[in-house]
Protein chains: 2
Amino acid sequence: MKPTIYDVAREAGVSIATVSKVLNNQRVGKKSKEKVLQAMKKLNYKPSVLASALTGKQTSTIGFLLPDLANPFIAEMARRVEDRAYERGYNLVICSTDFEPEKEAFYVSLLKQKSVDGFIIAGGFKNVEVVTELLEEQFPVVLLGESYPSLSINSVKVDDFMGGYEVTSFLTSLGHKKIAVIGEEASSSQERIKGYKQALRDQQLPVHEELIVISSQTNIESVERLAGKLLDLPEPPTAIFACNDILAIGVVLAARQRDRRIPDHLSIVGFDNTFLSRSSDPPLTTVQQPIQDLCFQAFDMLVEEIQGKSKLRQRVVLLPELVVRKSTSAPRKKS
Amino acid sequence: MKPTIYDVAREAGVSIATVSKVLNNQRVGKKSKEKVLQAMKKLNYKPSVLASALTGKQTSTIGFLLPDLANPFIAEMARRVEDRAYERGYNLVICSTDFEPEKEAFYVSLLKQKSVDGFIIAGGFKNVEVVTELLEEQFPVVLLGESYPSLSINSVKVDDFMGGYEVTSFLTSLGHKKIAVIGEEASSSQERIKGYKQALRDQQLPVHEELIVISSQTNIESVERLAGKLLDLPEPPTAIFACNDILAIGVVLAARQRDRRIPDHLSIVGFDNTFLSRSSDPPLTTVQQPIQDLCFQAFDMLVEEIQGKSKLRQRVVLLPELVVRKSTSAPRKKS
DNA sequence: TTGAAAGCGCTAACAG
DNA sequence: CTGTTAGCGCTTTCAA
């Protein structure tokens with residue numbers, strides 16, 4: 001059997017209270033402390049987190065909700081958050097929700113039963129009630145990569161509107177007039193699309209609703225299909241802004257299938273600057289998110305809330321940066 | 001405060017024992033059961049997993065060790081394992097070890113303190129002592145995507161040797177005689193390389209040690225550099241077998257930088273058939289792993305061991321499949 | 001400084 | 001079928 005605090009106490013010839021004290025390094029006589037330490041080492045004692053959490057201490061584990069761990073951008077975020085968690089002595093239990101409200105509710109409920117110290121919700125969510133409830137219960141939560149204007153909730157994200165605006169402005173500055181956009185359901189996509197529209201308006205260009213496409217599926221095949229429809233239009237766009245790099249890859253595949261040269265026949269811009277954008281041919285113009293900063297800040301914010309250090313809620317918005325590579329150029333004169 | 005079993009008992013007018021019994025659906029009088037259920041619903045009661053685990057029950061959480069969650073192939077595995085975990089009522093706490101023995105030891109120790117029910121170790125590990133110890137303690141563990149011949153441990157993986165053999169045979173059948181291989185430190189890479197060597201020998205082709213390269217870093221830049229060295233050899237290989245798709249992308253980048261056409265000047269084969277191999281240009285010939293089967297089987301095996309249903313250890317080996325795409329062709333006559 | 005003892009929320013005999 | 005009670009391993013008063 002695993003040694004318990006009793007075993008250590010017996011071995012050291014002290015009471016369990018004393019052992020507990022050295023565990024939590026409170027004031028203990030030097031000699032007792034020494035004996036206890038010895039005993040612990042001898043028995044290879046490790047305190048049970050369960051037992052200590054049951055008495056009100058924390059579990060040092062965080063629930064991490066995200067739409068889909070198989071998405072490379074999300075996976076990278078998860079990795080960064082985990083790095084920070086590691087540094088600060090926490091573990092992550094990771095849950096993919098697929099944007100399904102039931103899954104979100106299920107996971108939150110289960111993780112509460114498991115007494116996680118708090119939640120990070122990355123990449124958006126659907127079930128607002130669940131989050132609202134968490135907030136009402138004063139449960140520490142922070143949103144990563146998203147925000148929710150109508151909720152008083154901590155969040156860390158990039159300025160998506162601005163990202164979309166910059167991409168579109170860049171494209172119009174190259175001379176593109178017919179620019180399509182393809183996004184996801186997440187609110188971050190919506191923001192990017194708003195930025196896209198604003199940029200068009202600011203350039204006095206018309207906003208064509210049929211050039212705005214939302215992909216409900218994340219898998220690349222369906223994106224390819226959607227992009228294909230865009231390209232098969234009688235007057236196809238000369239540029240497509242994809243709201244993330246995966247979508248952009250889908251567009252690339254669709255273009256390739258139709259023998260449209262990139263960027264000669266079609267300019268493509270992605271978002272996120274994952275390594276997908278580098279490995280693609282041609283390498284993608286995209287928008288860089290400061291992933292590490294986003295993740296670290298989100299995590300630190302959560303820990304602050306857990307430790308009750310800061311009661312004030314905040315929305316942190318970092319700035320994205322356009323990375324110009326080879327997938328964009330001026331449109332061909334008169335196709 | 002969150003309601004406890006006492007609150008429910010009081011509300012229902014029964015003892016906590018009765019409540020506990022309905023919780024674990026043991027025999028309880030119909031009327032009592034009804035009252036308890038009502039009370040639970042009314043109070044919105046959710047039992048504490050901590051408390052029940054403290055009395056010897058399971059936590060239904062699994063420790064999932066992997067080298068790096070940011071690696072798309074690994075992330076996809078994680079996702080599949082998580083899917084299965086969800087179906088079976090488990091949670092995953094995910095830990096990236098970066099192949100660092102200290103991290104492996106740290107995480108295992110911490111997760112044991114948190115009373116996880118078992119471990120899945122995916123993609124290899126370095127710290128053999130830690131795993132051995134787990135085994136000695138009868139801790140449920142299964143290896144995913146790897147095996148460890150000298151250890152009596154459950155594992156589920158693909159036949160890496162065969163994968164390497166098939167790739168190489170395919171390449172020689174196209175006429176390649178000078179084939180390089182680039183792998184990682186993980187034992188799966190080693191196996192694939194063994195298969196590569198065997199295939200060469202079976203074709204009476206010489207094995208050049210300088211054409212066998214191990215990348216200690218996973219980041220794409222360093223792979224690119226290594227591949228570059230290979231390509232800059234006075235007599236460069238006409239084909240390169242990369243032990244996974246990321247490595248293959250690194251090779252593609254290196255080749256592109258040197259204006260070597262793929263597959264005309266250089267054939268490239270990857271491994272894993274992630275969507276990287278599809279999105280690359282040209283799409284990569286690669287080896288498909290039945291990821292879902294691997295993950296589900298591994299998880300089920302672990303659960304069986306946790307539930308004590310099967311005491312026998314097993315090594316499951318599934319068969320990989322070569323997927324031929326556009327990155328391979330016969331070598332040019334007399335470069 | 002140290003220790004006895006109560007209690008965290010739940011399970012599992014064991015009586016009744 | 002139901003309830004009493006003694007733990008599970010740890011923390012935390014409160015006395016000594």
Review point. Rounded to the Å, how far apart are B/I16 CD1 and C/dC8 C1'?
Key: 12 Å
Revision key, fill the gap. B/T55 has its side chain closest, among D/dC8, D/dT5, D/dT12, to D/dC8
**Study point:** Side-chain N or O of B/Y6 closer than 4.0 Å to phosphate OP1/OP2 of C/dG7
**Key:** no
Exercise for review: Pick base, sugar-phosphate or nothing for A/L50, based on heavy-atom distances below 4.0 Å to the nucleic acid.
Suggested key: nothing
Review point. Between B/N154 and B/E305, do the side chains contain an N or O donor and an N or O acceptor separated by less than 3.5 Å?
Key: yes
Exercise for review: May I ask you to decide if B/S48's main-chain N or O and A/K112's side chain share a donor-acceptor pair within less than 3.5 Å?
Suggested key: no
Study note, to complete from the structure: With the side chain defined as heavy atoms from C-beta on, A/A51 is closest, among D/dT12, D/dG9, C/dG3, to D/dG9
**Study point:** Nearest-neighbour nucleotide for the A/K57 side chain, C/dC10, D/dT11, D/dG9 considered
**Key:** D/dT11
Exercise for review: Have a look at B/G56 and say if it touches a base, only the backbone sugar-phosphate, or nothing, with a 4.0 Å heavy-atom cut-off.
Suggested key: nothing
Practice item. Would you tell me whether A/S96 and A/D68 have side-chain atoms, one donor and one acceptor, within less than 3.5 Å of each other? Key: no
Exercise for review: Answer with base, sugar-phosphate or nothing: what part of the nucleic acid does B/V14 contact at a heavy-atom distance below 4.0 Å?
Suggested key: sugar-phosphate
Practice item. From the options C/dC10, C/dA13, D/dC10, select the nucleotide whose nearest atom is closest to the side chain of B/T4. Key: C/dC10
Check your understanding: Judged by modelled atom types alone, do A/K2 and A/N44 share a side-chain donor-acceptor pair under 3.5 Å?
Key -> no
Check your understanding: Between C/dT1, C/dG3, D/dC1, which nucleotide has the shortest distance from any of its atoms to the side chain of B/R27?
Key -> D/dC1
Point to revise | Atom-pair distance (NZ on A/K21; C1' on C/dA4), nearest Å | key: 11 Å
Exercise for review: Taking atom types as modelled, find out whether A/N91 and A/T61 have a side-chain donor-acceptor pair closer than 3.5 angstrom.
Suggested key: no
Practice item. Give the nucleotide from the list D/dC10, D/dG3, C/dT11 with an atom nearest to the side chain of B/S15. Key: D/dG3
Exercise for review: Would you classify B/V28 as touching base, sugar-phosphate or nothing, given that sugar-phosphate means primed atoms plus P, OP1 and OP2, and contacts are heavy atoms under 4.0 Å?
Suggested key: sugar-phosphate
Practice item. Could you check whether B/S48 gets within reach of a base, just the sugar-phosphate, or nothing at all, counting any heavy atom under 4.0 Å? Key: sugar-phosphate
Practice item. Respond yes when some side-chain nitrogen or oxygen of B/T18 is under 4.0 Å from OP1 or OP2 of D/dT2, and no when none is. Key: no
Check your understanding: To the side chain of B/A17, which of C/dG9, C/dA13, D/dC10 is closest?
Key -> C/dA13
Exercise for review: Kindly point out which of D/dT2, C/dT11, D/dT11 is positioned nearest to the side chain of B/S32?
Suggested key: D/dT2
